[in-house]
Amino acid sequence: MVRIQNATKEQSADIARLIMMAMTDECCQYFCGDGHGLEDFHEMMTKLVEREDSQYSYRNTLVALDKSKVVGIAVSYDGGLLHKLRQAFVEAAKVHIGKDHSGMDDETQAGELYLDSLAVLPEYRHQGIARMLLQATKERANRMGLPFVGLLVDENNSVGEALYISMGFRYVNDSQWGGHPMKHLRFEV
């Protein structure tokens, strides 16, 4: 029986792998640039998940657990804190992969709980786990007093988009992130 709970620091490496799955290998490689690979990016992301001041922090993460195995994640944070939380990523990228990402476009804004990453291990898909994580994220936004849950979905991810639409998310506008055209979707809490 899969259950949803707040993540712990000890789950950081598993969380980082699932964040990378949500981002896609192509996108992770885009952020790495030349001379660095996915393992370098995973090492950096694990360190970011371990931190408390990062957008990818375990403190911003809900995990889906099958016994003690992390089988899914939902990483979300107050969009109004994006610049403060992103600073950890910018600093880590300079140190670990030698790339300056300080000029990145904003992917969210104040007033929404931004669902940064949602992923479920392939062998656990089609069991309702993503829906459970989305519902828990909506409840988190409500507890935080944020009126919206927002997210970006890749224009070519019709399966993901269909899931979000079925959960009540609505199209807001087109966006760009990680070198990909995206759609900004939002759910009113």
Side-chain angles (χ1 to χ4, degrees), residues 4-7 15-24 26-28 30-31 45 48-49 51-64 72-90 92-93 101-120 125 128-189:
I4 308 298
Q5 68 181 50
N6 292 322
I15 293 166
R17 286 243 184 259
L18 283 158
I19 291 170
M20 290 174 63
M21 185 181 298
M23 287 179 162
T24 74
E26 180 184 355
C27 187
C28 294
Y30 167 86
F31 281 115
M45 291 302 293
L48 288 169
V49 174
R51 294 177 64 157
E52 294 189 8
D53 64 344
S54 159
Q55 68 198 91
Y56 301 109
S57 173
Y58 70 94
R59 296 176 61 86
N60 296 332
T61 305
L62 296 169
V63 291
I73 54 106
V75 179
S76 62
Y77 51 85
D78 182 336
L81 300 176
L82 174 64
H83 292 169
K84 179 181 174 188
L85 293 172
R86 183 185 281 161
Q87 196 56 41
F89 177 83
V90 170
H101 288 294
S102 57
M104 288 174 58
D105 292 333
D106 289 353
E107 58 214 77
T108 184
Q109 67 253 342
E112 71 179 18
L113 180 67
Y114 180 65
L115 179 58
D116 187 290
S117 304
L118 176 73
V120 175
R125 291 181 185 159
I129 296 169
R131 288 181 179 281
M132 291 168 58
L133 287 162
L134 283 167
Q135 185 58 43
T137 300
K138 290 176 180 181
E139 292 165 7
R140 186 169 185 243
N142 192 36
R143 284 192 306 275
M144 293 173 70
L146 293 169
F148 298 102
V149 175
L151 59 87
L152 294 181
V153 62
D154 192 301
E155 271 189 6
N156 297 318
N157 184 355
S158 59
V159 172
E161 185 176 356
L163 169 66
Y164 299 132
I165 297 296
S166 76
M167 292 289 293
F169 284 82
R170 299 291 170 248
Y171 171 84
V172 176
N173 58 19
D174 291 327
S175 188
Q176 182 87 9
W177 186 84
H180 290 274
M182 309 289 267
K183 292 181 182 179
H184 180 194
L185 304 181
R186 189 182 262 182
F187 177 85
E188 188 168 353
V189 178

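All residue numbers in this chain count up from 1 along the given sequence. The structure presented is a predicted model; accordingly, all values stated were derived computationally and were not measured.
Heavy atoms only, all atoms of each residue included: Leu48 and Ala92 are closest at CD2-CB, 3.9 Å. For the pair Ala141 and Val189, the tightest heavy-atom approach, listed with the atom from each and the gap, is CB-CG2, 3.7 Å. Closest of all the heavy-atom pairs between Ile4 and Ala64 is CD1-CB, 3.6 Å.
Not a single salt bridge (Lys or Arg N to Asp or Glu O under 4.0 Å) links Asp174 to another residue, sequence neighbours left out. By the salt bridge (Lys or Arg N to Asp or Glu O under 4.0 Å) test, Arg125 is found to be paired with no residue, residues two or more places apart in sequence or in another chain being considered. With sequence neighbours excluded, no residue satisfies side chain to side chain donor-acceptor pair (under 3.5 Å) with Asn60. Partners of Gln176 under the side-chain contact (heavy atoms from CB on, under 4.5 Å) rule, at least two apart in sequence or in another chain, are Pro181. Partners of Asp78 by side-chain contact (heavy atoms from CB on, under 4.5 Å), not counting sequence neighbours, listed by chain and number: Leu81, Met144, Leu146. For Asp53, the side chain to side chain donor-acceptor pair (under 3.5 Å) partners are Arg51, not counting sequence neighbours. For Arg140, there are no salt bridge (Lys or Arg N to Asp or Glu O under 4.0 Å) partners, not counting sequence neighbours. Residues forming a salt bridge (Lys or Arg N to Asp or Glu O under 4.0 Å) with Lys138 (at least two apart in sequence, or on another chain): none. Every residue was checked against the ring pair (Phe, Tyr, Trp, His ring centres under 6.0 Å) condition with Tyr56, not counting sequence neighbours, and none meets it.
Pairs of residues two or more places apart, or lying in two chains, that qualify as salt bridge (charged side-chain N to carboxylate O under 4.0 Å, His left out) and include a residue from residues 158-173 are Glu161-Lys183. Sorted by first and then second residue, the pairs that involve residues 106-115 and meet salt bridge (charged side-chain N to carboxylate O under 4.0 Å, His left out), not counting sequence neighbours, are Arg86-Asp106, Arg86-Glu107, Glu112-Arg186. Sorted by first and then second residue, the salt bridge (charged side-chain N to carboxylate O under 4.0 Å, His left out) pairs involving residues 128-137 (not counting sequence neighbours) form an empty list.
Without hydrogens or angle criteria, His101 side chain to Phe31 main chain gives a donor-acceptor distance under 3.5 Å.
Between Val153 and Tyr164 the shortest side-chain heavy-atom distance falls below 4.5 Å. Between Val172 and Leu185, the closest side-chain pair of non-hydrogen atoms is not below 4.5 Å. At least one side-chain heavy atom of Phe89 sits under 4.5 Å from a side-chain heavy atom of Met104. Taking 4.5 Å as the limit, some side-chain heavy atom of Tyr114 sits within range of a side-chain heavy atom of Leu152.
Distance OG1/Thr61 to OH/Tyr77: 11.0 Å, rounded to 0.5 Å. Put simply, OG1 on Thr137 and CE on Met167 are 9.0 Å apart, with the number rounded to the nearest 0.5 Å. The CG atom of Leu62 sits 6.0 Å away from the CG atom of Asn6 when rounded to the nearest 0.5 Å. A distance of 10.5 Å separates CD in Gln55 from NE2 in His83, rounded to the nearest 0.5 Å.
Considering Leu151, Leu18, Ile15, Ile19 in turn, Ile19 is the only one that fulfils the side chain to side chain contact (heavy atoms under 4.5 Å, CB included) rule with Ser117. Checking each of Leu118, Asp116, Val63 against Ile73 for a side chain to side chain contact (heavy atoms under 4.5 Å, CB included) leaves exactly one that passes, namely Val63.
The local environment of CD in Gln109 is crowded, with over 12 non-hydrogen atoms from other residues, nucleotides or ligands closer than 6.0 Å. By the 6.0 Å contact criterion, CD on Gln5 is enclosed, its count of non-hydrogen atoms from other residues, nucleotides or ligands being greater than 12. Atom OH of Tyr30 sits in a sparse spot, with 12 or fewer heavy atoms from other residues, nucleotides or ligands closer than 6.0 Å.
Ring-plane geometry between Phe169 and Phe187 is classed as tilted, the angle between the planes lying from 30 to 60 degrees on a 0 to 90 degree scale.
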